[in-house]
Amino acid sequence: MEENQEGCDKLKYGKIPEGFTYGVEYNNEEINEAINSTSPWEIVPSKDTNGHGTFIAGVACGSLIEENNFAGVAPLSTICVVKCKEAKSTLKSFYQIDTNEPVYSEADILVAVDYLLDKAARMDVPLIICIGLGTNQGGHTNGGILGNVLAEIGNFNGVGVVTSCGNEANSGRHYRSEMIEAGGDTEVEIRAGSTSGFTLELWNYAPQVMSVGIVSPSGEYSGKTFARYGERRRVNFILENTVVYIEYRLLAYESGDECIQMRFQSPSEGIWKIRVFNETRGSAFFDMWLPISNFLADTTYFLKPDPDVTLCDPSNNQNLVSVSYYDLANGSIAINSSRGFTRDGKIKPDFAAPGIGIYGPLPRIGNIYPATEEERKRTARYDYKSGSSMATAITSGISAMLMEWGYGIIIMLH
C-alpha cells in the first residue's frame, strides 16, 4: 500500500480516493482535459484493453453522436466508472482458473460499490449500479456476500442495482439430480476436454447431507469421502497424474445448506464420474455447477446438463434487478441466456431485455489520438455485440431515467 501511495504521489494527475487506501481517482475536469488532448494517456494513463466496460457504459448512457448514428439509452446521465483491480494470481490458482479473461475478487467489487455510493452521496444524486459480472460459485439463492450487500444498498432511497444473469443456459455447466432415496447413490458424468483445472460445487438443502467419491477416466476410484464439518481431503490419482481437493462445508454461508467443493488440478481428458451418496433418512436431490464459460474451455461440461437454474450470482438475490436477454429482431429467446429459477425455486429473472446484435462503442486502438472533436467523432469505433451484459446495460439506462423521475418526486416530498 505504501508503494501504491508513493506511485500515485508521483503522478501529475489523479490521487487515491478519499477514505480509501488504494486506487487512483480521475475527476471530471481531468478526464475532459484528457479527451481534448492529443496525448490523453499522459493525463489519464488507463486503457480499457478488452472493451467490455466501454461498450456497456456506452450502451447505457453514451452521449448522442449524430455522425455515427449512436446514442446511449440515457445519454444525459453522469457516468462514474470503476475499473476493478484484477484478482491476484494466487487466488486464480486456488480456484484453478487458467484464462486470459479478467477475473475479479468479491472483496474488490465491494470496495468499488462503496466508492460509487460515497460519490453519489457527496454529489446528492440518484445512483444506478450496473453489474456486468457474474459467477457460478455460490448457492444460487441469495447471491452470496456480494448479493446480500447489494440488496441492502438497493433498499436505500435513490439507489438501484441491476445485475446480469449470464450466458450459461447452453453451456452444459449445470446439473440437477433426480430424487435419491435414503441411503441411495447416483453418478454424475463430466467430460473433461482439456487439462485445464476447474472448481466444481455441489449444493443441497439442509438438513440433507451428501457424500462424494470420484472415479477417474481410467476407472481409478478415490473411495467414498465422508461428510464431516471441516472435512478436507486431497486425492492423488496415480494413473491420471491428477489431484482433486475435496472440501465439505456443512453450513455454507447465505443459506446454511451443505456445499461440497471439488478442485480438479490437471484433470486428464475423458469422462470423470462423481458418485454422490445420500446420507439422510429421507429422499433428497442436489445441484452441481461448473465454472462459467469465460473461465473454462467449452470442451468440459456435464454429459446430462440442465439448462434451467443457470442464473449467475449475484443476480439470484430477490432484491436485485436481474436481466436475461432475447433477440429483438424476431422476438425469439436467446439460447445462451441464463434461465431461472433460483435454486430454492424463487422467480427470477425479473426482466428480459434485447441482447442480440446491440450497437455500441469500442475503445480506440493505437496511441495516436485525433486533435479535434470533429475528427474524434468521425473516427470513433462502433460494433455489434451480444450477451447478458448488453441487456443489463439497456436496463440500467432505463432504470436511470426512471430513477431521475422518481428521485425528483422524493426530493419534492421532502
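Counting only heavy atoms from C-beta outward, the side chains of L127 and I129 approach each other to under 4.5 Å. Between Q137 and D313, every side-chain heavy-atom pair lies at or beyond the 4.5 Å cut-off. Between D48 and F55, every side-chain heavy-atom pair lies at or beyond the 4.5 Å cut-off. Side-chain contact between E168 and C312: present, with at least one pair of heavy atoms (C-beta onward) separated by less than 4.5 Å. A 4.5 Å side-chain heavy-atom check between T392 and C130 finds at least one atom pair inside the cut-off. Residues T99 and N294 fail the side-chain proximity criterion, which asks for heavy atoms closer than 4.5 Å. With a 4.5 Å cut-off on side-chain heavy atoms, K348 and Q318 count as touching. A 4.5 Å side-chain heavy-atom check between I214 and R275 finds every atom pair outside the cut-off.
For an aromatic pair to be called close, the ring centres must be under 6.0 Å apart, and H140 with W289 satisfies this.
Between the side chain of T242 and the main chain of S268, a donor-acceptor pair closer than 3.5 Å is present. Of the possible donor and acceptor atoms, none in the side chain of D327 sits under 3.5 Å from a partner among the backbone N and O of S332. When atom types are taken as modelled, the side chain of N142 and the backbone of G144 share no donor-acceptor pair closer than 3.5 angstrom.
Using modelled atom types, one finds no donor on one side chain facing an acceptor on the other under 3.5 Å when comparing D344 with Y205. At a cut-off of 3.5 Å, with distance as the only test, a side-chain donor of Y115 or E25 sits close to an acceptor on the other residue. The closest side-chain donor-acceptor pair between T342 and N316, if any, does not fall under 3.5 angstrom.
Within 6.0 Å of atom NZ in K304, 12 or fewer heavy atoms from other residues, nucleotides or ligands are found, so the atom counts as exposed in its surroundings. The environment of Y359 atom OH is dense: over 12 non-hydrogen atoms of other residues, nucleotides or ligands sit within 6.0 angstrom. By the neighbour-count criterion of 12 heavy atoms within 6.0 Å, atom CG of D98 is sparsely surrounded, having that number or fewer from other residues, nucleotides or ligands. Other residues, nucleotides and ligands contribute at most 12 non-hydrogen atoms within 6.0 Å of the CE atom of M123. No more than 12 heavy atoms of other residues, nucleotides or ligands shown are found within 6.0 angstrom of CG on N100. Within 6.0 Å of the CG atom in N155, the count of heavy atoms belonging to other residues, nucleotides or ligands exceeds 12.
Checking each of V244, D185, L200, I246 against V212 for a side-chain contact (heavy atoms from CB on, under 4.5 Å) leaves exactly one that passes, namely I246. Partner of P102 under the side-chain contact (heavy atoms from CB on, under 4.5 Å) criterion, out of K83, H52, E86: E86 alone. Of the candidates R233, Q261, R263, R234, Y245 forms a side-chain hydrogen bond (donor to acceptor under 3.5 Å, both in side chains) with just one, namely R234.
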Which is it for M288 and V276 under the side chain to side chain contact (heavy atoms under 4.5 Å, CB included) test, yes or no, and what are the steps along the way? CA-CA 11 Å; M288 282 185 177; V276 184; 3.8 Å; yes
For the pair I153 and L117, evaluate side chain to side chain contact (heavy atoms under 4.5 Å, CB included) and give the outcome as yes or no after the intermediate values. CA-CA 9 Å; I153 290 169; L117 277 177; 3.5 Å; yes
Would R249 and D257 count as a salt bridge (Lys or Arg N to Asp or Glu O under 4.0 Å) if you check the C-alpha gap in whole Å, the side-chain angles of each, and the deciding distance to 0.1 Å? CA-CA 8 Å; R249 302 170 183 173; D257 295 332; over 6 Å; no
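No salt bridge links K15 with E30; every basic N to acidic carboxylate O contact stays at or beyond 4.0 Å.
For the pair W203 and R343, the tightest heavy-atom approach, listed with the atom from each and the gap, is CE3-NH2, 3.7 Å.
Among pairs with a residue in residues 276-303, those fulfilling salt bridge (charged side-chain N to carboxylate O under 4.0 Å, His left out) read R176-D287, K224-E279, at least two apart in sequence or across chains.
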List the atom pairs, donor and acceptor, that lie under 3.5 Å between side-chain atoms in residues 87-94 and the rest of the protein, sequence neighbours left out.
none

